[in-house]
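See below for the structure under consideration.
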Amino acid sequence: MKLLKDKIVEVGKVLSKDVLKVDAFLNHQIDPVVIKAIGEEIANRYKEAGITKILTIESSGIAPSMFAGLELGVPVVFARKSKSVTLSENLLTSQVHSFTKNITSDISVSKDFLQEGETVLIIDDFLANGQAVLGLLEIIEQAGATTTGVGIVIEKGFQPGGKLIREKGIRVESLAIIQSLEDGKVEFLEGAPTYE
């Protein structure tokens with residue numbers, strides 16, 4: 001997706017060979033024009049999949065999920081990382097380790113909003129080690145729902161998450177796949193990733 005790649009090059013900051021900071025448009029400040037186009041592109045790639053629900057994780061997956069949900073005409077549910085007095089029972093839960101924050105969190109979704117027989121699309125901002133997606137897959141399985149695929153804004157192709165999820169037979173559509181962040185420069189992978 002050219003618009004996304006151009007935005008990453010324009011305002012993204014390479015902090016290390018493993019960390020790309022895109023908080024200027026994606027996960028702190030949000031550029032509505034770019035995020036709307038991202039949501040529409042993910043929705044377009046899955047428009048024939050019979051999706052009944054989009055599942056994401058707070059907070060950076062919410063904005064692109066909303067635009068995809070609007071395009072597909074389906075509700076968006078986000079797994080919560082924080083405890084809430086209003087969300088304390090009847091929960092589907094999993095544990096997720098965050099690479100960037102180096103913490104493990106319990107994530108939760110109310111059983112009221114994710115039910116047996118639903119066809120679910122997972123959307124998230126980054127795919128690196130795959131832990132958030134694995135946690136969401138576990139929640140979908142607990143609900144008795146089906147995962148139709150995963151929509152990712154930015155995949156770090158040099159980390160194992162994409163391979164891990166694809167090897168489970170799950171369709172992954174990433175709008176920008178980064179091949180390398182070496183020497184402070186973003187290099188994109190053109191085409192689909194291949195694994196040896």
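Quantities reported herein were computed from a predicted structural model and do not represent experimental measurements.
- Under the 4.5 Å side-chain criterion, counting only non-hydrogen atoms from C-beta, Val74 is not in contact with Lys53.
- Connection of Val153 to Ile51 is established within a shared hydrophobic cluster, with ILVMFWY side chains joined at heavy-atom distances below 4.5 Å, either directly or through further cluster members.
- Evaluated for a side chain to side chain donor-acceptor pair (under 3.5 Å) with Ser94, the options Gln131, Gln142, Glu138 yield exactly one hit, Glu138.
- Looking only at side-chain heavy atoms (C-beta outward), Ile178 and Phe188 come within less than 4.5 Å of each other.
- Heavy atoms only, all atoms of each residue included: Leu136 and Ala79 are closest at CD2-CB, 3.8 Å.
- Listed by first then second residue, pairs satisfying salt bridge (charged side-chain N to carboxylate O under 4.0 Å, His left out) with a partner in residues 11-26 read Lys21-Asp23, not counting sequence neighbours.
- Formation of a donor-acceptor pair under 3.5 Å by the Gln159 side chain with backbone atoms of Asn129 is not found in this model.
- Within a 6.0 Å radius of CE in Met1, more than 12 heavy atoms belonging to other residues, nucleotides or ligands are found.
- Once rounded to the nearest 0.5 Å, the distance linking OG of Ser59 with CG of Asn27 reads 7.5 Å.
- With rounding to the nearest 0.5 angstrom, the CG atom of Leu175 is 6.5 Å from the CD1 atom of Ile38.
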**Request:** Give the intermediate values and the outcome of side-chain contact (heavy atoms from CB on, under 4.5 Å) for residues Leu134 and Ile165.
**Result:** CA-CA 8 Å; Leu134 290 174; Ile165 303 306; 3.7 Å; yes
**Message:** As a quick check of understanding, evaluate side-chain contact (heavy atoms from CB on, under 4.5 Å) for Asp124 and Val150, giving each step before the final call.
**Reply:** CA-CA 8 Å; Asp124 206 5; Val150 179; over 6 Å; no
**Request:** Under the side-chain contact (heavy atoms from CB on, under 4.5 Å) rule, what do Ile35 and Leu26 come out as? Steps first, then yes or no, please.
**Result:** CA-CA 7 Å; Ile35 303 305; Leu26 179 60; 3.6 Å; yes
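- Remark: Glu141 CD is loosely packed, at most 12 non-hydrogen atoms of other residues, nucleotides or ligands lying under 6.0 Å away.
- Atom-to-atom distance recorded for Ile170:CD1 and Thr147:OG1 is 5.5 Å, nearest 0.5 angstrom.
- Atom-to-atom distance recorded for Ile177:CD1 and Glu190:CD is 9.5 Å, nearest 0.5 angstrom.
- Criterion: ILVMFWY side-chain heavy atoms under 4.5 Å apart, direct or through other members. Under it, Ile57 and Val109 are part of a common hydrophobic cluster.
- Hydrophobic cluster membership differs between Val77 and Tyr46, with clusters built from Ile, Leu, Val, Met, Phe, Trp and Tyr side chains linked at under 4.5 angstrom.
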